[in-house]
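Heavy-atom basis, side chains included; hydrogens, waters and symmetry copies ignored. If you read the sequence from its start, that first residue is 1, and numbering goes on from there.
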Amino acid sequence: RTIVWLHCKEFGRLSNTGGLITVAFPPPQSHVLVAGLQEDEEKFMAELERDPEATFVLFPSDDALTAEEFMASVRADASPAEGG
């Protein structure tokens with residue numbers, strides 16, 4: 001399941017590509033929620049609380065991990081402790 005958390009200033013803009021997720025993955029597989037709308041804020045928080053271990057937030061930033069870096073960190077966390 002994929003949720004796009006959309007900034008309210010992006011909602012309705014032609015340059016907003018986040019809404020395309022519902023074309024690739026029609027609801028209920030995906031949803032677009034808008035920050036600043038109380039109902040959407042509540043839905044977003046409920047989704048985050050529903051299964052925190054399986055929740056990923058993707059956000060572009062200078063210190064974001066690549067997919068390879070993320071998977072390497074997951075494998076390192078999942079490996080058995082040495083010398084146990």
In this structure, would L20 and L33 fall into the same cluster of hydrophobic residues linked by side-chain contacts under 4.5 Å?
no
Using every non-hydrogen atom in the two residues, find where R1 and P28 come nearest and quote the distance to one decimal.
CG-O, 4.0 Å
Testing the basics here: between D40 and V32, what is the closest heavy-atom pair and its distance to 0.1 Å?
OD2-O, 4.4 Å
Less than 4.5 Å apart, any side-chain heavy atom of V4 and any of S30?
no
Please assess H31 against F25 for the test side chain to side chain contact (heavy atoms under 4.5 Å, CB included), listing each intermediate value before the final yes or no.
CA-CA 9 Å; H31 299 284; F25 303 100; over 6 Å; no
Got more than 12 heavy atoms from elsewhere within 6.0 Å of CD, E69?
yes
Where V23 and P26 come nearest, the two heavy atoms and their spacing
O-CD, 4.1 Å
Looking only at non-hydrogen atoms, find the nearest pair between G36 and E41 and report the distance.
N-OE2, 2.6 Å
Nearest heavy-atom contact between V34 and C8 is CG1-CA, 3.8 Å
Once you measure the plane-to-plane angle for F70 and F56, does it fall in the parallel (<30°), tilted (30-60°) or perpendicular (>60°) bin?
perpendicular
Would you say E68 and M71 make side-chain contact, with heavy atoms under 4.5 Å?
no
OG1 of T55 to CZ of R50: how many Å apart, nearest 0.5 Å?
8.0 Å
Might you work through the salt bridge (Lys or Arg N to Asp or Glu O under 4.0 Å) test for K43 and E47, ending with a clear yes or no?
CA-CA 6 Å; K43 287 179 184 178; E47 285 293 331; over 6 Å; no
